[in-house]
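What follows is a set of notes on a single structure, which appears directly below.
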Amino acid sequence: MTRPPTTLTPDVLVIGAGPAGLTAAAALAPDLQGEVLVLDREQHAGGIPRHSDHTGYGIRDLHRVMTGPAYARRLVDRATAAGATVRTQATVTDWAGDHAVDVTTPQGRLRVEARAVVLATGARERPRPARRIPGDRPHGIYTTGQLQNTVHLHHAPVGTRAVIVGAELVSFSAHLTLREAGCSTALMVSQHAHTESYKAFSLAGRALLRVPVAHRTRVTRIIGKPRVRAVEIEDLDTGARRTVECDTVVLTGDWIPDHELARSAGLELDPGTLGPLVDTALRTSRPGVFAAGNLLHPVDTADIAALDGLHVAGQVRNWLHGDQGTPHAGVRLLAAEPLRWVSPGLIRPGDPAPPRRRLLLWTDDLVRVPRVTVRQADRVVSRHTLPWPAAPGRVFRVPWSVLRGVDPHGGPVTLDVR
Amino acid sequence: MNTPTRRDPAHVYDVAVIGGGVVGAAIARDLSGHDLSVALVEARDDVGDGTSKANTAILHTGFDATPGTLESRLVQRGYALLSAYARDTGIPVEHTGAVLVAWTTEELQALPGLKDKAERNGYHQCRLIDADEVHRLVPALADGALGGLTVPDESIICTWTTTLALATDAHQRGTQVLLGHAVTGVAVGPHHTTLTTTRGTVHARWVVNAAGLGADTVDRLFGHDRFTVTPRRGELFVFDKLARPLANKIVLPVPTSRGKGVLISPTVYGNVMLGPTSQDLTDRAATDTSQDGFDFLLAKGERLMPRLLTEEVTATYAGLRAAIDHGDYLIEPTPDQRYLLVGGIRSTGLTAGMAIAEHVTQLLRTAGLTLNPRADLPPPPRMPNIGESTPRPYQDHQRITEDPAYGQVVCFCERVTAGEIRDACHAPLPARNLEGLRRRTRAMNGRCQGFFCGAAVTQLLHAHGNRGGTADPEENR
Ligand SMILES: Cc1cc2nc3c(=O)[nH]c(=O)nc-3n(C[C@H](O)[C@H](O)[C@H](O)COP(=O)(O)OP(=O)(O)OC[C@H]3O[C@@H](n4cnc5c(N)ncnc54)[C@H](O)[C@@H]3O)c2cc1C
Ligand SMILES: Cc1cc2nc3c(=O)[nH]c(=O)nc-3n(C[C@H](O)[C@H](O)[C@H](O)COP(=O)(O)OP(=O)(O)OC[C@H]3O[C@@H](n4cnc5c(N)ncnc54)[C@H](O)[C@@H]3O)c2cc1C
């Protein structure tokens, strides 16, 4: 590959103009001499909220409730007003150095050489092949992302009768989109056993009343040519199978971070989240490269991603202002079953508390009254009972204070919940 | 040349080729290099939409064919012809080489025999290697290989571009490509044969049957009863591009009587493939995937390369080999019917296609078809590059400055630009639906399978005047 003819040299390059990247840029731009450049591959900045056309955005960061598209516009305007450059149709394709990347735009190829980089590339839902669902390969199978792009951004039709796979926050978002597109939800299927896992959502709560949910159920086959005609589902407890007629299938949840750039940089990954491993300052394993948003915790709500952005801005500022010493080795934070991951995954002496002073965790089982135990080298560091449930399909947030008493030199720390 | 530009139902072609797979396309191309009018009669809405779209896409040296068979000869010849043609037309090819890996003493003991067989097939580059070298060549392999045999010239190719290039070439040489024309009846007359199709009749003096899985059915329409096609399903997994460093070579199992077994192969698109299974079926449309197939492949993968299974699966698909009750290709002319059968092109037809075409042309000449090579042939088409080993449009600054559409990435995972989608929709053999577009550009074939781009790609297809749905929307591959 030849070197792109144009080189840009911002102070900070933010990759991804979703809530995390835009918020980081808005916070950084006023403070820096040099440029804060945000690149996004989409035609419009804003990330996932652009096409998530329902209310429920902005609660913790903007302290008001708004729709996804309105929220996205607000964040773009704020970043631009703060002096950041937001450039769309700019796909970061390769690394060209520790803090340098190559980019494809309709104006040609660009090289960007920054002093610091923030990765805020978000997360996506696993599509059907990654979930290894066998059967025919017809039209009419969507992830929520594709469904919402189709309905809200392109105003194109979907089917008339859907099965939604998953029963978590995003699944109800899919249900609302289907309803708006004139498609009824015949059934939601969830591998989980309890309604509690989603009862907590007030938005969902109301929508839920009218949607039948098959618990402890999985889809074993997709049937139909040329369009979906039915799905075969299996009761996980009895093994009994039956078919449900539908012309649309929406595969929701089952998130994976968009970690291609993180991996191609050779950054150390967190085997739990599959995103880059970061400390509470949101530093990755490469000095001067930071990460924020759902790339780190697939997935939490947009306001949490945005507040990551605010947090990382302070850390990037410190880095640019010369605080570039090698951070202390620190200790790993690990999650034990039924927890799948914890983010951040690294704590170092002298580092700040994580964003919102919260650890973010993901559980595979419902624990109604969770008792969180922190262990280090066979020693119980702390036990805390939390008043909110740990429920599959959404992030379980745990106060940072549970780690009080951890020895920052004492080896890996494990969190479990019972 | 006297091919009509718009199809005249009364026109009598010199030759009608039934089946627009890689074999039929190669035959039509070869024939239309002569002073003949040729029709390529395909049941589906696109060329290359049958078995030719769903295989393991290996350009075989033919080292393990049965020596002395027609298949052995044509695979070897096809390798040379297609390698050269790929250079001329830009079909993506990578000469990765292969290693056969022995995991048991029986397999280890079989390797010298395979080397010997390769030599009897005229291939002399195989080398026996020890376990250390196997692991050095493919470091991600599971522990415990006992030894191996290298096949340095075994290569990977883009099966979609191959059929498209041959069909486009045929079209530019004057072949009339008749899509959506399923042949349902045959009447052999004294001077020409009339084919009844789902879109009217087609008349031709000579007919070549290259209908793949449907070749026995068509053969019976000619009154023969000489073979039966058994669809032998092969299911495959395609792993994420991030897995590609794990497999820079084709990892072949030691073949058994059931076929070539499960392999791990890089793809020209930068992924890694695991498969295929081998299961005899009766339904010739059964390209669905199965839980059993998945379980089998995952178990195999776990034994061969456990690290591969920690990567995401980008695609799963199944193809049907046209297996027949006959140990070789079945290519037979019936001169008194001015008819030629090309049957049983099971698991090597992608490689052998161009050599089959050359062979068919010879047979037709012997059978009495007059063949005068044309002096005025157009150059072969230059195909859009969808492989990873040479620069793609999104990487080409010069090209983007000349046409910004090549800098407008629409499918992010596969980095397909609006320019490429536009080109595919307006190509000589254009994409007419989403599946055709995917085969021509790779759009939506990546790890997100349309989460980000599905709606945008569909909209672009509509904007270019094509429909998103299709008569047979089998996913690609
Ligand atoms: C269907 C659905 C409904 C939801 N509903 C709610 C809700 O009601 N309330 C709520 O608070 N949250 C909701 N969320 C979650 C919320 O959308 C996410 O938490 C939020 O968008 C995460 O922000 P982010 O900045 O981390 O990533 P994203 O919003 O995903 O942004 C990442 C950006 O990075 C860009 N990018 C990635 N790779 C590259 C590259 N190589 N080059 C250039 N750009 C790149 C992408 O184009 C994208 O714009 C919902 C999510 C979904 C999917
Ligand atoms: C799993 C698998 C792996 C393989 N791997 C390899 C490999 O690595 N390398 C290799 O060289 N080969 C491989 N092969 C074999 C190769 O794919 C086939 O040999 C080749 O594609 C056959 O081409 P074809 O043109 O004969 O058949 P097809 O591509 O099936 O074309 C036949 C066409 O005829 C049409 N047709 C049928 N009936 C009618 C009718 N009545 N009227 C009109 N049209 C009709 C069909 O629609 C179809 O398009 C593999 C095959 C499979 C299944």
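Letters A, B, ... are given to chains in the order of the sequence lines, protein chains preceding strands, and every chain is numbered from 1.
Residues from residues 292-302 of chain B that place a non-hydrogen atom less than 4.5 Å from a non-hydrogen atom of chain A comprise B:Phe294, B:Leu298, given in numerical order.
Evaluated for a salt bridge (charged side-chain N to carboxylate O under 4.0 Å, His left out) with B:Asp49, the options B:Arg439, B:Arg432, B:Arg438 yield exactly one hit, B:Arg439.
Looking at B:Glu402, neither its backbone nor its side chain comes within 4.5 Å of chain A, counting heavy atoms on both sides. B:Ala418 does not touch chain A: none of its heavy atoms, backbone or side chain, sits under 4.5 Å away. For A:Val103, no part lies near chain B; criterion is any non-hydrogen pair under 4.5 Å.
Ranked by non-hydrogen atom pairs under 4.5 Å with chain A, the options B:Phe452, B:Phe451, B:Phe237 are led by B:Phe451. Interface check for chain A: of the options B:Lys241, B:Gln291, B:Arg415, the most heavy-atom pairs under 4.5 Å are formed by B:Arg415. Counting heavy-atom pairs closer than 4.5 Å to chain A, the top-ranked of the candidates B:Cys448, B:Gly454, B:Gly419, B:Cys453 is B:Cys448.
No salt bridge links B:Glu42 with B:Arg199; every basic N to acidic carboxylate O contact stays at or beyond 4.0 Å. For B:Arg422 and B:Asp403, the salt-bridge test passes: some basic side-chain N is under 4.0 Å from an acidic carboxylate O. For A:Glu260 and A:Arg41, the salt-bridge test fails: no basic side-chain N is under 4.0 Å from an acidic carboxylate O. Between A:Asp258 and A:Arg124 there is a salt bridge, with a side-chain nitrogen of the basic residue lying less than 4.0 Å from a carboxylate oxygen of the acidic one. A salt bridge links B:Glu235 and B:Arg233; the closest N-O separation between the charged side-chain nitrogens and carboxylate oxygens is under 4.0 Å. Ionic pairing of B:Arg440 and B:Asp46 is present here: one or more N-O contacts between side-chain nitrogen and carboxylate oxygen are shorter than 4.0 angstrom. A:Arg126 has a carboxylate O that lies under 4.0 Å from a charged side-chain N of B:Glu312, or vice versa, which qualifies the two as a salt bridge.
Judged by the 6.0 Å and 45° rule, B:Arg399 forms no cation-pi pair with B:Tyr394.
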